[in-house]
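The next block holds one structure in the form of structure tokens; read it before the comments.
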Amino acid sequence: MGSDIAYPPFEYTDEKTGKYVGFDIDLMTEIAKRMGLEVKFVNTAWDGIIPGLTSKKYDVICSAMTITEERAKQVDFSDPYFEAKQVIIARADSNINGVQDLEGKVVAVQQGTTGDFAAMRLVDEKGIKFKIVRFEGTPEALMAIQKGDADAAIIDNFVAYLAVKENPDIYKVVEDKEFAPEYYGIAVNKDNPGLLKKINEVLKEIKQDGTYDKIYNKWFGEE
Ligand code: ARG
């Protein structure tokens with residue numbers, strides 16, 4: 001499994017154990033187990049994660065990857081396994097309260113993500129003029145806000161919620177109706193329909209028998 005493992009709570013390295021952990025890690029471990037397989041994780045830069053799949057460095061991508069038409073031209077996606085959306089994450093003391101307030105600001109994104117695409121749409125189609133700064137990883141985009149190099153970032157909602165939970169004095173989340181729902185899928189090579197079919201069967205099974213909910217609550221449930 002290829003994944004950009006710097007994306008808590010979906011995939012990240014546990015500082016104490018050095019192990020890869022997160023929702024996607026648990027999900028794929030469970031899917032593999034039910035297929036009688038053991039999953040091996042390949043930490044991959046987001047930029048190049050799809051070429052890594054098509055060149056067979058790994059058999060699947062599970063990396064909080066949003067199913068998009070453009071990506072579906074290159075890879076096949078499983079049934080959706082998670083609903084998400086973009087949000088703005090801004091400095092806690094900022095006056096940004098919606099997409100209109102991004103006018104004139106500096107907005108960080110992880111390059112090539114749906115946050116990047118959403119930022120471009122706001123500039124090109126909504127005519128909200130701001131500067132987009134692109135980073136290879138989401139942690140760097142968040143760091144840019146903290147350092148004052150960016151006013152805000154546009155990222156996936158649950159990643160933003162966790163950052164705010166951990167650092168409420170640094171960040172705040174700003175939701176906006178402008179951002180539509182997105183769905184994460186597991187990506188598989190187009191010449192591997194057997195694997196895709198199996199993954200979808202197991203996904204359905206674990207949704208029905210409560211295992212999916214168990215994994216979901218472990219990472220997103222109330223404490
Ligand atoms: N959901 C977004 C997308 O598909 C961001 C995913 C980034 N994932 C990661 N592991 N860095 O574009």
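Start at 1 and go down the list; that is how both ligands and their atoms are numbered. In this chain, residues are counted from 1 in sequence order.
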- So, Glu182 versus Gln86: side-chain donor-acceptor pair below 3.5 Å or not? yes
- Asp156, Asp116, Thr138 screened by side chain to side chain donor-acceptor pair (under 3.5 Å) with Gln110, the one that passes: Thr138
- Just by distance, with hydrogens left out, do Tyr81 and Asp24 show a side-chain donor and acceptor under 3.5 Å apart? yes
- May I ask you to check whether over 12 heavy atoms, not counting those of Lys190, lie within 6.0 Å of atom NZ? yes
- Would you tell me which option among Asn157, Thr114, Thr44 has the nearest heavy-atom contact to atom 12 (O) of ligand 1? Thr114
- Is the number of heavy atoms from other residues, nucleotides or ligands within 6.0 Å of NZ (Lys204) greater than 12? no
- Hydrophobic cluster partners of Val106 (side-chain heavy atoms under 4.5 Å): Val133, Phe135
- contact_flag Asp156 ligand 1 heavy-atom lt 4.0 Å: yes
- Query: Is the closest N or O pair between Ser3 and ligand 1 shorter than 3.5 Å?
  - Reply: no
- Message: Under 4.0 Å from a heavy atom of Tyr184: which atoms of ligand 1 are those, numbered in the order shown and with their elements?
- Response: 1 (N)
- Item | For Met65, atoms of ligand 1 separated by under 4.0 Å from a heavy atom | 4 (O)
- Query: Distance only, no hydrogens: is a donor on one side chain within 3.5 Å (strictly under) of an acceptor on the other, for Lys172 and Asn97?
  - Reply: yes
- Just going by heavy-atom distances, which of Ile49, Asn43, Thr66 is nearest to atom 4 (O) of ligand 1? Thr66
- Message: If you count every heavy atom of other residues, nucleotides or ligands that lies below 6.0 Å from Asp76 atom CG, does the total exceed 12?
- Response: yes
- What part of Glu136, side chain from CB on, backbone N/CA/C/O, both or neither, has a heavy atom under 4.0 Å from ligand 1? neither
- Query: So is Phe10 close enough to ligand 1, meaning a heavy atom under 4.0 angstrom away?
  - Reply: no
- Note on the structure: With sequence neighbours left out, the residues meeting salt bridge (Lys or Arg N to Asp or Glu O under 4.0 Å) with Lys207 are none
- Message: Which residue and atom name correspond to the protein heavy atom nearest atom 7 (C) of ligand 1, and how close is it?
- Response: Tyr7 CZ, 3.5 Å
- Query: Under 4.0 Å between a Lys/Arg side-chain N and an Asp/Glu carboxylate O for Glu201 and Arg34?
  - Reply: no
- Message: Return the closest protein heavy atom for atom 11 (N) of ligand 1 as residue, atom name and distance.
- Response: Asp4 OD2, 2.9 Å
- Of the listed options Ser63, Ala84, Gly2, closest to atom 8 (N) of ligand 1 (non-hydrogen atoms): Ser63
- Note on the structure: Closest to atom 6 (C) of ligand 1 among protein heavy atoms sits Ala64 O, 3.2 Å
- Message: Pairs of nitrogen or oxygen atoms closer than 3.5 Å, one from Trp46 and one from ligand 1: do any exist?
- Response: no
- Query: Quick one: does Glu11 get an N or O within less than 3.5 Å of an N or O on ligand 1?
  - Reply: yes
- With a cut-off of 4.0 Å, which atoms of ligand 1 are near a heavy atom of Gln110? 7 (C), 11 (N)
